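So the structure is just underneath, and the comments pick up after that.
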Number of protein chains: 2
Amino acid sequence: MLHKAKKTYHHGDLRAGLLSSARMLLEEQGISALGLRAITRHAGVSSAAATPHFGNLMGLLSALATVGYEELAVALEPVLEEGAHAAGLVYVRFAILNPGLFTLMFRSDVIDRNEPALAAARARTSGMLTRLIDSLGGQQPQRTQAGTRAALWGKVHGLAVLAIDGFLDVLLSSQGEGLSLEDLLEDALR
Amino acid sequence: MLHKAKKTYHHGDLRAGLLSSARMLLEEQGISALGLRAITRHAGVSSAAATPHFGNLMGLLSALATVGYEELAVALEPVLEEGAHAAGLVYVRFAILNPGLFTLMFRSDVIDRNEPALAAARARTSGMLTRLIDSLGGQQPQRTQAGTRAALWGKVHGLAVLAIDGFLDVLLSSQGEGLSLEDLLEDALR
DNA sequence: AGCGTAAACTTATCAGTGATAAGATTCTTT
DNA sequence: AAAGAATCTTATCACTGATAAGTTTACGCT
């Protein structure tokens, strides 16, 4: 409805249009704004128009989360060779730039983790991360491999979640002024 | 309804009863089961009985999250002297033992962070954590204070979230058998 | 003691939600 | 060009949280 002026009965690519509308609503008004009626109204179609494409609301949101995992994989790929520090920064930056989408990706009450496309995208992304971590080899000699994975993944993911929730800003403001959020992340991910 | 057989018009302590019912539903069926009608039905009262005590559903859930922050503070207090490793373990154990409650505590779309009691409990708990981290002093010499806080808090919180989501079990099963979840946490928190 | 007010609780109702069956429109395939 | 299938709309359903009005009980005040 925003871009196309032609009002044909068929939308052309309503599937993509609905995902785009949902994403806009998600980032601008939060997950609670992701109602079926709000999304379809924003896309300029009736509230039942999503059914043939996604089945139900959970199907739509699962498809949106799939987009999130795919974009995260695309962002991570070029820095995988540079090691955990660079990849961690990219991970947290993705979360900060797409807070709603990142949050949705881990909200298993709203998305269906068994959805095949979502499961595939997730497996691909998390496979990249575990391969990256394992490539560090013996840098953490007193830990098991699983312990190293958990520690790194936990720190990065925790920083992302805390950043979205605004906790890192609290830490920054309690500190002296001359520290940016980017500096803090660089520092914490060392 | 479960404990009391006497059916007086007034419940006695419906506020506590509703919180208890909500908590049971939360841990047994997840956050999506926390409807106003489900909670009041479980407590044996009408669906409007919560209004005088909590105003609305968000008020009820905020009060429940407040209980969570208070219990976490109580669990953390005795190990604060033992340092970050012990406190981190307690933090993650609390999350694993109360996955629904812990998740609720960080779901700002469902609870009201400006609720005075909740804000107070949160400030008290996070104050304990920052004081603990700061007491570590110069153990991380090449970091700023805010960076040290973020790194530790992030790792612990990330491990908690990943544990609840089942990611740590995945790491465990990919490892050789002889590693328990507790071992993994010990390892990762080192 | 008992009266009156306020609080707790119930009932009834309202607007809004996601799902779905049935009907209208357009694309596609033969 | 006709038939069939897919897309989209309309109308409706069961359900949700909120709320106004009515009923019951507790409790402070004289």
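Given the structure is predicted, the values throughout are model-derived calculations rather than measurements. Sequence lines set the chain letters: A, B, ... in the order given, protein chains first and strands last, and positions in each chain run from 1.
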Listed pairs under 3.5 Å, donor-acceptor, residues 101-109 of chain A side chains, sequence neighbours left out:
from, atom 1, to, atom 2, distance (Å)
A:Thr103, OG1, A:Pro99, O, 2.7
A:Arg107, NE, A:Asp109, OD1, 3.1

Could you give the CG-to-P distance, from B:Leu61 to D:dT16, as a whole number of Å?
-> 15 Å
Return yes if the base of C:dG18 and the side-chain atoms of A:Arg37 contain a donor-acceptor N/O pair under 3.5 Å, otherwise no.
-> yes
Quick one: B:Asp13 CG to C:dA8 C1', roughly how many Å, whole number?
-> 12 Å
Distance, nearest 0.5 Å, that separates CG of B:Leu129 from CG of B:Leu80 | 7.5 Å
Correct closest heavy-atom pair for B:Arg143 and B:Thr148 would be CB-OG1, 3.6 Å
Quickly work out the B:Leu36 CG to D:dC15 C1' distance and round it to whole Å.
-> 13 Å
So, B:Arg124 and B:Glu70, do they make that salt bridge, N to O below 4.0 Å?
-> no
Whole Å only: how far is the CZ atom of A:Arg41 from the P atom of C:dG16?
-> 10 Å
For A:Arg15 and D:dA6, what is the distance between atoms CZ and P respectively, to the nearest whole Å?
-> 16 Å
Euclidean distance, atom CG of residue B:Leu14 to atom C1' of D:dT24 [Å, nearest integer] = 15 Å
Has the side chain of B:Ser20 got a donor or acceptor atom that lies under 3.5 Å from a matching backbone atom of B:Ala16?
-> no
Contacts to DNA chain D from residues 48-59 of chain A, heavy-atom cutoff under 4.0 Å, which residues?
-> A:Ala48, A:Ala49, A:Pro52, A:His53
Taking only residues two or more places apart in sequence, or in another chain, which ones meet B:Ala117 in a side chain to side chain contact (heavy atoms under 4.5 Å, CB included)?
-> B:Thr66, B:Glu115
